[in-house]
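Notes follow the structure.
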Amino acid sequence: MLGMWTFLITEVLFFGGMFAAYAVYRNMYPDAFASTSKFMDVVLGGTNTAVLICSSLTMVLAVRAAQLSKRAHLILFLILTMIFGTIFLVIKGFEYHSKWVEHLVPGFDFQYDEPRYQHNAQILFFLYFAMTGMHALHMVIGLGLLTFLLVQAKRRIFNENYFAPVEMIGLYWHFVDIVWIFLFPLLYLIGHRR
Amino acid sequence: MPASLTLLLADLQLFPPAASAQAGPIDDLYWFEIIVSAIMTVLIFAAVILFAWKYRRRANVRATQIEGSNVLETTWSIIPFLIMLIMFWWGAKLFFAAQNPPKDAMEVFVTGKQWMWKVQYPDGSHEINALHVPVGQPVKLTMASEDVIHSFSIPAFRVRHDVVPGHYDSLWFTATKPGRYRLYCTEYCGNAHASMSGWVEVLNDRDYANWAGGGSHGSLAEQGQQLFEQNGCSTCHLLDQQGRCPILRGVYNKPVQLDDGRTVIADDSYIRESILDPNAKVVSGFQPNIMPNFKGQLSEEQVIQLIAFVKSLSPPTPASQQGGQQRPVVIAPKAKAPAKAPAASAPQQ
Amino acid sequence: MATIAHGTPEIAAEEVNYLNVEHGWKSWLFTTDHKRIAFLYLISITAMFFVGGTMAVLFRINLLEPEGIFSSETYNRLFSMHGIVMVFFFLVPSIPATLANFLIPIMIGAKDLAFPRINLLSWYLYVFGAIFTIYAVARGGVDTGWTFYAPYSSTYSNSYVLSAVMGVFVAGFSSILTGLNFIVTVHKMRAPGMTWSRLPLFVWSNYATGLLQVLGTPVLAISLTLIAFERVAHVGIFDPNIGGDPILFQHLFWFYSHPAVYIMILPGMGVISEIVACFSRKRVFGYNFVAFSSMAIAVLSFFVWGHHMFVTGEAMYTSVAFSFLSFMVAVPSAIKVFNWTATMYKGSVSFDTPMLYAFGFIGLFTIGGLTGLFLAALATDVATHGTYFIVAHFHYVMVGGMVMAFLGGLHYWWPKITGRLYPEAWAKFAALIIFIGFNLTFFPQFILGYLGMPRRIHAYPPEFQALNVLSTAGASILGIGYLIPMIYFAWSIRKGPKAPANPWGATGLEWEIQSPPTTYNFDETPIVTKEAYDYGPLEEVVG
Amino acid sequence: MSAFHVPIPKVGTLVAVWATLIVLTGLTSYVSYFELGEWNIVVALLIAVTKASLVAWVFMGVRHSTTLTRLFCVAGLAWLMILILLTYSDYSTRNWTYQAQPWSTNKAAGTSR
């Protein structure tokens with residue numbers, strides 16, 4: 001368990017590098033930043049936040065079920081968590097797709113409708129993709145880990161004396177949720193009234 | 001072999017010449033650090049050798065077990081710390097003094113590119129990998145990079161500053177001894193990094209006057225004016241009446257109101273940015289997206305010429321010479337008097 | 001003390017230990033025994049050390065002539081790969097992944113690290129990282145310097161940056177996993193009675209190193225990832241042409257790479273604490289202060305990275321703050337040096353090879369540390385930044401400090417690791433050669449630095465030639481000095497006299513078990529009742 | 001491994017926390033439609049910190065964890081702050097100038113060695 005926490009600290013600083021870059025560029029180009037927020041879909045972003053929070057709830061319930069040796073509940077909640085996680089990724093996919101269609105992916109024929117922000121907006125969109133992309137990657141890994149848990153749960157590995165893997169992957173899943181809790185306001189909300 | 005050895009030793013240098021006003025004070029600190037370090041090193045070496053020899057292992061002598069001593073620990077934490085505080089304070093003081101050039105500093109422009117230093121003087125002459133300065137005169141270098149990070153360094157003057165692409169960096173010095181000194185690039189910048197070096201020639205006043213004699217292409221500002229016309233700037237930036245773009249006369253080093261409400265000083269960096277990326281900071285009352293982007297069209301050297309031209313449109317008065325370093329409150333910006341949106345501009349200062 | 005072997009009754013030759021318990025390459029490549037993994041690491045980092053060292057000798061040869069002997073292209077690739085290989089593939093993993101990997105579980109009375117399989121994984125990651133890097137070398141090398149400064153690395157360089165960056169990225173994760181493993185092991189696996197105040201100082205310093213690895217390395221990983229994105233897709237994050245800021249890369253890079261300096265030196269300090277105590281027959285003077293200073297260094301090292309950027313146009317007040325904090329971090333380092341010296345006072349000092357290396361370490365680290373003050377002070381940093389002064393300074397710390405400590409530790413624990421003794425006379429000779437060669441190589445560089453010779457140049461003004469020739473001469477001596485231990489260690493694995501369990505008469509759990517240890521170290525979990533350096537009673541037995 | 005000292009959370013608590021999180025998400029979205037100037041950032045971040053703390057405290061079980069685990073959490077955040085704040089300090093103070101007395105040319109010229 002301590003190992004997992006240590007690993008999460010590493011993850012905090014991994015994302016931290018990008019958050020630092022975000023802070024710097026947001027401070028440097030506030031107007032360009034404000035202008036990009038019109039492309040951020042608050043409704044989709046908000047929905048995704050809610051979806052992730054739900055998945056966190058089902059995850060913690062799964063851990064609880066494991067602690068209580070309720071295998072059926074454990075499997076149910078794991079599946080629910082995975083469904084929420086998948087919904088999140090699907091919505092994210094739609095968002096990415098619309099950015100792609102609007103030529104807002106840096107490095108791939110990036111076109112911005114306000115020429116004065118063309119360059120700086122590219123950096124901010126890169127940060128958007130880097131941060132959410134890295135987050136999505138963690139989600140995918142998380143889904144893989146949940147699948148592994150599911151298989152083990154089916155094999156009746158877990159009981160009230162042995163559920164550490166469920167707990168650890170739970171911690172990981174909540175951490176990924178926390179990252180999104182910060183990404184949502186920073187990328188979607190701040191500046192969309194400027 | 002002996003012959004070549006003597007040759008080698010004939011060239012042997014152990015300490016660099018000190019040829020600028022700041023070299024002396026920095027050397028003083030350097031010597032202080034050397035003396036402190038030497039004392040510490042000798043003390044520690046002596047203690048190690050003494051203890052190792054005096055308490056070397058002998059047949060029936062046993063080590064005395066000692067726990068440690070809080071008094072000693074505190075002493076040898078605090079004393080070094082105090083000495084280091086002196087170094088910190090001293091170093092910071094010299095560093096602060098190196099920040100701002102005197103007002104009467106002569107301005108020289110340096111552009112770093114892979115792999116050479118291009119130097120431009122206000123009188124319009126220019127040279128590569130060489131810099132001529134008069135003795136006793138403060139010189140401010142305004143430096144730009146065309147590509148990667150370079151670092152401009154003159155060891156004999158103890159000055160060095162990185163030249164980071166995307167903005168101007170500057171350093172200043174006052175040469176105190178006529179002579180030839182080496183200059184280098186000290187930030188690795190690619191294949192021929194080593195050849196990005198040259199000479200600084202410090203000349204006494206008479207020699208400098210002789211050397212500076214001929215700028216056949218006109219002054220830097222005149223070169224800038226040519227560019228200003230060739231690139232069509234003059235069609236919108238009219239010199240005496242309001243065109244589609246701000247009047248540039250009298251703008252240099254004055255506060256400028258931007259369309260997002262901020263105020264910036266129209267210094268070298270701002271003018272550079274406004275040429276290369278005009279939409280980044282648009283003057284209040286003017287339309288964005290009118291002026292073309294000159295990034296990639298103009299070299300850093302040409303930008304410097306243009307800036308010199310803009311600067312020449314604001315003849316130095318005692319007030320404007322001070323203006324650059326002061327708060328932007330006092331002077332009402334002339335340039336922002338806009339034709340199209342008069343209402344926006346008046347009340348806010 | 002090697003002479004002991006002569007009179008020692010032969011240890012039963014067939015005794016089972018971790019080396020002979022299983023045979024065949026599978027038993028090595030799929031092992032989870034921390035001792036075998038440490039051995040694998042030892043082989044791999046030695047290989048990388050010689051790769052990096054060969055490059056150093058080659059580019060020192062280039063510097064014999066002011067105009068250079070090789071092309072600038074070759075030279076730039078040589079020094080860049082030297083830096084990358086030495087920093088990321090030798091210095092960072094050197095002591096933690098080999099000696100500490102071997103010793104930490106034994107020193108705290110555990111059977112293995114907390115996560116044996118992660119330990120093996122970390123070795124594989126290291127190997128993959130090394131392969132990527134070697135691939136970059138084979139394809140023609142990298143010419144960015146080990147610092148990968150943008151925008152040169154991200155836009156302008158046309159060498160194999162991506163492959164090298166991948167290599168460092170992967171090796172970074174190897175380092176994170178090692179650190180994570182140590183942290184958890186030290187917290188959770190200590191034997192009964194092994195309290196924090198009884199922990200050997202070597203464990204303390206490696207615990208501090210683990211914290212640095214876990215907290216710093218991910219930021220390196222992300223900054224290298226951003227470089228890779230920039231290179232592949234031109235996204236502009238560090239490209240000033242579209243408003244990116246190259247200085248941001250330096251902030252992120254040095255947030256890791258300054259603490260990384262302490263990742264490299266802290267374990268060395270731990271080794272020296274052990275050696276000085278053992279060969280003075282004394283507990284370390286001011287144990288608490290030495291242990292505490294390891295932690296203080298670990299924490300403070302994260303507050304000083306800006307001193308690499310005093311001349312970049314970093315904000316003035318930020319620079320002043322970083323300068324002050326840089327002086328702060330010098331205090332705990334000084335405390336350590338004083339305490340090692342004081343440990344010898346009224347001791348019973350012997351001059352075995354590990355102790356010679358410890359002397360070398362104390363002397364050279366003192367010089368390296370003190371010259372660091374020149375660079376923490378703002379004005380003298382401006383005068384010396386980017387010159388050979390920097391090169392000399394960090395080689396005094398890294399090579400004079402870390403490599404000395406590594407060799408000292410390797411000699412000290414070699415009997416434990418392999419169960420064999422090395423030839424003492426040769427070892428002393430090599431230590432002397434290394435000390436002389438090192439100083440001859442790097443001391444002239446301090447002078448060159450203040451004269452203004454920039455680092456990383458393949459040609460230089462003729463007036464610098466004399467000092468450069470001296471330096472190259474030193475480098476060749478140093479190179480030979482490193483070859484000698486390599487040869488006699490290889491010899492001693494097969495032919496060296498058998499080592500007793502405790503050849504030095506040292507304290508510590510690792511000396512109470514057989515040499516080499518069995519797979520699970522202890523037949524039953526030991527119960528610790530005394531402090532780490534309890535030389536008082538031991539003296540009566542050995543002395 | 002922690003089977004015996006981790007109390008099993010009540011479903012009610014978990015659902016309550018979940019509901020709070022959802023409400024806070026709505027709140028932060030709602031507030032973002034008002035022009036509050038710099039306060040938009042402050043409010044959004046405050047809410048985010050609250051949400052993150054709730055997740056960590058209840059869902060991740062920090063409320064029942066050892067001091068050591070809490071120490072690790074705090075360390076992670078502290079280091080994140082070191083990274084962001086010290087980097088940011090550079091960018092936010094780039095324009096602060098300081099008018100130091102430059103070297104007096106004449107005096108220094110006299111003493112140069």
Side-chain angles (χ1 to χ4, degrees), chain B residues 8-9 11-14 16 26 29-30 33 37 40-41 44-45 47-48 51-52 55-57 61-66 68 73 76-77 80-81 84 87-88 91-92 94-95 99 147-149 151 153 155 158 160-162 164-166 169 182 184-194 295, chain C residues 72-73 145 149 151-152 156 240 246 281-283 285-286 289 311-313 316 320 323-324 327 330-331 334-335 337-338 341 344-350 359 362-363 366-367 370 373-374 377-380 382-383 385-387 447 451-452 454 456-459 461-463 465-466 536 539 543:
Chain B
L8 281 184
L9 291 177
D11 281 337
L12 183 66
Q13 250 188 331
L14 293 178
I26 290 176
L29 171 58
Y30 184 71
E33 287 165 346
S37 304
M40 293 294 299
T41 311
I44 287 173
F45 274 56
V48 168
F51 291 163
Y55 304 111
R56 67 187 181 277
R57 189 159 300 171
V61 182
R62 284 174 46 190
T64 316
Q65 299 300 317
I66 304 167
E73 300 282 352
W76 65 42
S77 311
F81 180 66
M84 286 191 275
M87 289 183 193
F88 160 70
L94 294 179
F95 183 72
Q99 293 299 309
D147 33 51
V148 300
I149 302 179
S151 187
S153 144
R158 316 284 188 273
R160 166 177 287 109
H161 204 285
D162 282 6
V164 181
D169 286 286
R182 290 195 184 268
Y184 301 99
C185 172
T186 49
E187 181 61 64
Y188 175 70
C189 56
N191 199 4
H193 167 56
K295 178 150 286 170
Chain C
S72 58
E73 216 169 14
Y149 269 13
Y152 184 69
Y156 288 86
R281 289 275 174 272
K282 268 185 71 193
R283 79 191 302 275
F285 190 87
F289 285 88
V311 299
T312 57
M316 187 172 47
V320 171
S323 166
F324 180 75
F327 280 111
V331 175
I335 291 179
V337 172
F338 295 137
T341 313
M344 284 189 280
Y345 177 70
K346 293 202 174 172
S348 169
V349 181
S350 67
F359 288 144
I362 295 174
T366 301
I367 297 175
L370 286 165
L373 300 179
F374 292 60
L378 285 156
T380 35
V382 171
H385 198 95
T387 67
I447 302 169
L451 285 171
R456 300 174 169 179
I457 52 173
H458 103 288
E463 62 261 32
Q465 193 179 3
E539 270 287 273

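Here is how names work: the chains are called A, B, and so on, in the same order as the sequence lines, proteins then strands, and each is numbered from 1.
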Problem set entry | Which atoms of C:Ser323 approach chain B - backbone, side chain, both or neither, heavy atom under 4.5 Å | both
Seminar exercise, completed: Okay, B:Asp169 and chain C: the region with an atom under 4.5 Å from a heavy atom over there is side chain
Exercise. Taking the six-membered ring for Trp, is the centroid-to-centroid distance between B:Tyr188 and C:Tyr149 below 6.0 Å?
Worked result: no
For this session: Test B:Thr41 against C:Ile367 for side-chain contact (heavy atoms from CB on, under 4.5 Å), laying out the working first.
Result: CA-CA 7 Å; B:Thr41 311; C:Ile367 297 175; 3.9 Å; yes
Problem set entry | Part of B:Pro80 within contact of chain C (heavy atom distance under 4.5 Å) | side chain
Problem set entry | Choice from B:Ala47, B:Ser37, B:Pro155 maximising heavy atom contacts with chain C below 4.5 Å | B:Ser37
Exercise. Do you know which of C:Leu373, C:Ile447, C:Thr341 has the most heavy-atom pairs under 4.5 Å to chain B?
Worked result: C:Thr341
Exercise. Which atoms form the tightest heavy-atom contact between C:Lys282 and B:Gln65, and what is the distance?
Worked result: CA-OE1, 3.6 Å
Exercise. In terms of the angle between their ring planes, are B:Trp76 and C:Phe285 parallel, tilted or perpendicular, with boundaries placed at 30° and 60°?
Worked result: tilted
Problem set entry | Residue, of C:Val337, C:Ile457, C:Leu451, C:Ile362, that accumulates the most heavy atom pairs under 4.5 Å with chain B | C:Leu451
Exercise. How about B:Asn191 and C:Ser72: does a side-chain donor come under 3.5 Å of a side-chain acceptor?
Worked result: yes
For this session: Mind checking the CZ-NE2 spacing from C:Arg456 to B:His193? Nearest 0.5 Å is all I need.
Result: 8.0 Å
Exercise. Measuring heavy-atom distances to chain C, does B:Ser153 have an atom under 4.5 Å in its side chain, in its backbone, in both, or in neither?
Worked result: neither
Exercise. Where on B:Val164 is there a heavy atom nearer than 4.5 Å to chain C: the side chain, the backbone, both, or neither?
Worked result: side chain
Problem set entry | Closest-packed option against chain C by number of heavy-atom pairs under 4.5 Å, given B:Pro165, B:Ala92, B:Ser151, B:Cys185 | B:Pro165
Exercise. So C:Val382 and C:Leu378, side-chain contact (heavy atoms from CB on, under 4.5 Å) or not? Walk me through it.
Worked result: CA-CA 6 Å; C:Val382 171; C:Leu378 285 156; 5.7 Å; no
Exercise. Highest number of heavy-atom pairs under 4.5 Å with chain C: which of B:Arg160, B:Arg56, B:Met87?
Worked result: B:Arg160
For this session: Evaluate whether atom OH of C:Tyr345 has more than 12 neighbouring non-hydrogen atoms of other residues, nucleotides or ligands under 6.0 angstrom away.
Result: no
For this session: Can you tell which part of C:Phe359 gets under 4.5 Å to a heavy atom of chain B, answering side chain, backbone, both or neither?
Result: side chain
Exercise. Do you know which of B:Tyr30, B:Tyr184, B:Phe51 has the most heavy-atom pairs under 4.5 Å to chain C?
Worked result: B:Tyr30
Problem set entry | Under 4.5 Å from a heavy atom of chain C, the part of B:Phe45 involved | side chain
For this session: Counting only heavy atoms closer than 4.5 Å, note whether B:Glu187 contacts chain C via side chain, backbone, both or neither.
Result: side chain
Problem set entry | Distance-minimising heavy-atom pair for B:Leu29 and B:Gly91 | CD2-CA, 3.6 Å
